[in-house]
Enquirer: 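Before anything else, here's the structure in question.
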Amino acid sequence: MASLASLKAPKLLSKKTQKDVQNDEDDVLIDASAVPTSSSDVVMEEVKDKPSFTPASAAEEKKVTKGQRKIPIPPHRMSPLKRHWLDLYSPLVEHMKLQVRMNVKSKTVELRTSNTTDDDGALQKGADFVRAFALGFEVEDAMALLRLDDVYLDTFEIKDVKTLHGDHLSRAIGRIAGRDGKTKFTIENASKTRIVLADTKIHILGSFQNIKIARDAVVSLILGSPPGKVYATLRTISARMKERF
């Protein structure tokens with residue numbers, strides 16, 4: 001009998017412990033402040049903590065940095081500047097909204113922004129436009145700098161490619177120009193660029209990829225390649241460009 005009582009004792013103890021545990025759980029008081037809030041309440045609290053700013057006005061968004069540029073004009077371009085002054089003046093004032101004047105004493109064209117200028121890059125485009133005309137480009141060709149964003153101006157000298165003197169230098173210039181400018185026009189039409197030969201300096205106006213094509217052709221002529229070989233290379237490149245587009 002003692003052995004049976006000893007076996008039943010653990011069951012009684014286990015029942016008491018379960019009741020005690022239940023009573024302890026019932027006695028636990030829940031704090032209302034500890035209850036987690038809903039997700040919407042959390043979002044509203046975060047919104048209240050964020051700073052609030054007033055919306056920017058339209059005048060502040062269109063604010064353009066004030067500045068001015070001076071572009072020197074070479075003596076041999078003063079007469080063309082006087083002749084085409086109206087063609088240069090009109091797009092700068094009417095379209096780019098810049099203030100322009102010619103300083104006869106210092107022989108420079110001065111540009112500056114005005115209160116009506118709405119393009120932040122207008123001053124730089126206008127300076128590039130006048131500089132291109134000063135280097136010898138036509139007004140219609142230089143106008144691409146104002147209308148297009150991916151048009152650039154590249155300048156290099158013959159001595160940058162190869163050091164030449166005397167008749168060798170004259171022959172290199174002659175190979176670039178060709179008879180009646182035929183070679184230069186062919187390079188321009190094939191690469192869709194504009195080229196100006198100013199003594200030993202070469203100025204190229206066009207897009208980045210087209211400038212590279214024209215520069216490679218001019219460099220080949222300076223190094224002594226015959227025009228026929230350069231023509232063949234340009235024909236191949238122009239055919240690839242047509243297939244691409």
Side-chain angles (χ1 to χ4, degrees), residues 47 50-157 184-185 187-189 191-199 201-215 241 245:
V47 171
K50 289 184 179 179
S52 60
F53 298 99
T54 57
S57 62
E60 293 178 355
E61 292 179 357
K62 294 183 178 181
K63 189 176 181 181
V64 178
T65 305
K66 293 184 179 180
Q68 61 179 1
R69 300 289 175 87
K70 294 181 180 181
I71 299 93
I73 305 298
H76 68 281
R77 294 296 292 174
M78 288 298 294
S79 296
L81 181 68
K82 294 176 183 178
R83 206 163 46 243
H84 298 283
W85 176 249
L86 189 60
D87 298 333
L88 285 169
Y89 179 86
S90 299
L92 292 173
V93 175
E94 295 176 2
H95 299 287
M96 307 308 291
K97 304 293 191 300
L98 297 173
Q99 294 180 348
V100 187
R101 74 173 182 179
M102 176 63 193
N103 193 331
V104 181
K105 187 176 181 180
S106 61
K107 294 183 179 179
T108 58
V109 175
E110 298 179 357
L111 308 175
R112 74 176 182 182
T113 56
S114 63
N115 296 329
T116 58
T117 306
D118 53 2
D119 186 4
D120 201 12
L123 187 61
Q124 181 63 44
K125 289 180 180 180
D128 293 339
F129 170 63
V130 177
R131 189 176 293 110
F133 180 81
L135 292 175
F137 291 97
E138 297 292 335
V139 177
E140 292 78 8
D141 297 333
M143 198 83 71
L145 291 166
L146 297 178
R147 296 178 177 176
L148 303 174
D149 292 333
D150 59 344
V151 177
Y152 306 97
L153 188 62
D154 187 23
T155 301
F156 64 96
E157 295 187 37
K184 184 174 79 73
F185 293 146
I187 296 173
E188 288 179 346
N189 294 331
S191 61
K192 297 180 181 179
T193 57
R194 289 294 179 266
I195 300 174
V196 169
L197 292 175
D199 196 11
K201 292 184 179 181
I202 297 101
H203 311 291
I204 306 175
L205 179 68
S207 65
F208 182 79
Q209 188 67 27
N210 295 342
I211 286 175
K212 185 179 182 302
I213 296 171
R215 188 172 62 240
M241 291 175 66
F245 295 105

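A quick note: this is a predicted structure, and the numbers were derived from the prediction, not measured. One is the number of the first residue; the rest follow in order along the sequence.
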Enquirer: Please report the interatomic distance CG(Asp118) to OG1(Thr113), rounded to the nearest 0.5 Å.
Expert: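 If I round to the nearest 0.5 Å, the distance is 11.5 Å.
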Enquirer: Kindly determine whether Leu205 and Tyr152 satisfy side-chain contact (heavy atoms from CB on, under 4.5 Å), including the steps that lead there.
Expert: CA-CA 6 Å; Leu205 179 68; Tyr152 306 97; over 6 Å; no
Enquirer: Work out which heavy atom in Ile213 is nearest to a heavy atom in Ser191; give both atom names and the distance.
Expert: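 Distance-wise, the nearest heavy atoms are CG2-CB, 3.9 Å.
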Enquirer: Is Arg131 salt-bridged to Asp128, going by a charged N under 4.0 Å from an acidic O?
Expert: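 Result for this pair is yes, salt bridge flagged.
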Enquirer: When rounded to the nearest 0.5 angstrom, what is the spacing between CZ in Arg77 and CZ in Phe133?
Expert: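 If I round to the nearest 0.5 Å, the distance is 4.5 Å.
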Enquirer: If you define the side chain from C-beta out and look only at heavy atoms, does anything of Met78 sit under 4.5 Å from Ile73?
Expert: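 Answer yes - side chains close enough.
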Enquirer: State whether the number of non-hydrogen atoms from other residues, nucleotides or ligands found under 6.0 Å of Asp150 atom CG is greater than 12.
Expert: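 Count over threshold, so yes.
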Enquirer: CZ of Phe156: more than 12 outside heavy atoms within 6.0 angstrom?
Expert: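 Enclosed: over 12 neighbouring heavy atoms sit under 6.0 Å from CZ of Phe156.
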Enquirer: CZ of Arg112: more than 12 outside heavy atoms within 6.0 angstrom?
Expert: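 Open: at most 12 neighbouring heavy atoms sit under 6.0 Å from CZ of Arg112.
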Enquirer: For the pair Lys125 and Asp149, find out whether any cationic side-chain nitrogen is under 4.0 Å from an anionic carboxylate oxygen.
Expert: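 A salt bridge links Lys125 with Asp149.
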Enquirer: Could you grab the distance from atom CZ of Phe137 to atom CG of Leu145, nearest 0.5 Å is fine?
Expert: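 Atom-to-atom, Phe137:CZ and Leu145:CG are 8.5 Å apart.
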Enquirer: Step by step, work out the side-chain contact (heavy atoms from CB on, under 4.5 Å) result for Leu111 and Ile71.
Expert: CA-CA 8 Å; Leu111 308 175; Ile71 299 93; 3.9 Å; yes
Enquirer: Rounded to the nearest 0.5 Å, what's the gap from NZ on Lys82 to CE on Met102? Could you check?
Expert: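 Output value for this atom pair is 8.0 Å.
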Enquirer: Between atom CG of Asp87 and atom CG of Leu92, what is the distance when rounded to the nearest 0.5 Å?
Expert: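 Asp87 atom CG to Leu92 atom CG measures 11.0 Å (nearest 0.5 Å).
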Enquirer: Restricting to non-hydrogen atoms, name the atom on Thr193 and the atom on Ala214 that form the minimum distance, rounded to 0.1 Å.
Expert: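 Heavy atoms of Thr193 and Ala214 come nearest at OG1-CB, 3.7 Å.
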Enquirer: With sequence neighbours left out, which residue pairs that include part of residues 97-107 fulfil the salt bridge (charged side-chain N to carboxylate O under 4.0 Å, His left out) condition?
Expert: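 Applying salt bridge (charged side-chain N to carboxylate O under 4.0 Å, His left out) to every pair that reaches into residues 97-107, excluding sequence neighbours, yields Arg101-Glu110.
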Enquirer: Among Lys201, Lys212, Arg215, which one satisfies salt bridge (Lys or Arg N to Asp or Glu O under 4.0 Å) with Asp154?
Expert: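 Exactly one pass, corresponding to Arg215.
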Enquirer: Begin with the C-alpha distance, continue with both residues' side-chain angles, and end with the deciding distance and a verdict on side-chain contact (heavy atoms from CB on, under 4.5 Å) for Ile187 and Ile195.
Expert: CA-CA 8 Å; Ile187 296 173; Ile195 300 174; 3.6 Å; yes
Enquirer: If I compare all heavy atoms of Ser106 with all of Asn103, which pair ends up nearest, and what's the gap?
Expert: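 Smallest heavy-atom distance, with atoms named: OG-CG, 3.1 Å.
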Enquirer: What are the two closest non-hydrogen atoms of Leu146 and Pro91, and how far apart are they?
Expert: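 Closest approach of Leu146 to Pro91, heavy atoms only: CD1-CB, 4.0 Å.
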Enquirer: Surrounding CD of Glu157 (heavy atoms of other residues, nucleotides or ligands, distance under 6.0 Å), is the total greater than 12?
Expert: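 For Glu157, atom CD is crowded (more than 12 foreign heavy atoms under 6.0 Å).
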Enquirer: For the residue pair Pro72 and Pro74, what are the closest heavy atoms and their distance?
Expert: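 Of all heavy-atom pairs spanning Pro72 and Pro74, the closest is O-CD, 3.9 Å.
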Enquirer: Hey, is the main chain of Phe185 close enough, under 3.5 Å, to the side chain of Asn189 for a donor-acceptor pair?
Expert: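 Answer holds: yes.
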Enquirer: Can you see which heavy atom on Ile211 is nearest to which on Gly206, and at what distance?
Expert: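 Smallest heavy-atom distance, with atoms named: CD1-O, 3.3 Å.
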Enquirer: Are any of the side-chain heavy atoms of Thr117 and Met96 separated by less than 4.5 Å?
Expert: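 Side-chain contact under 4.5 Å: no.
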Enquirer: As an exercise, state the distance from CZ of Arg83 to CG of Leu88, rounded to the nearest 0.5 Å.
Expert: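 Spacing of CZ (Arg83) from CG (Leu88) equals 11.5 Å.
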Enquirer: Under the side-chain contact (heavy atoms from CB on, under 4.5 Å) rule, what do Val109 and Tyr89 come out as? Steps first, then yes or no, please.
Expert: CA-CA 10 Å; Val109 175; Tyr89 179 86; over 6 Å; no
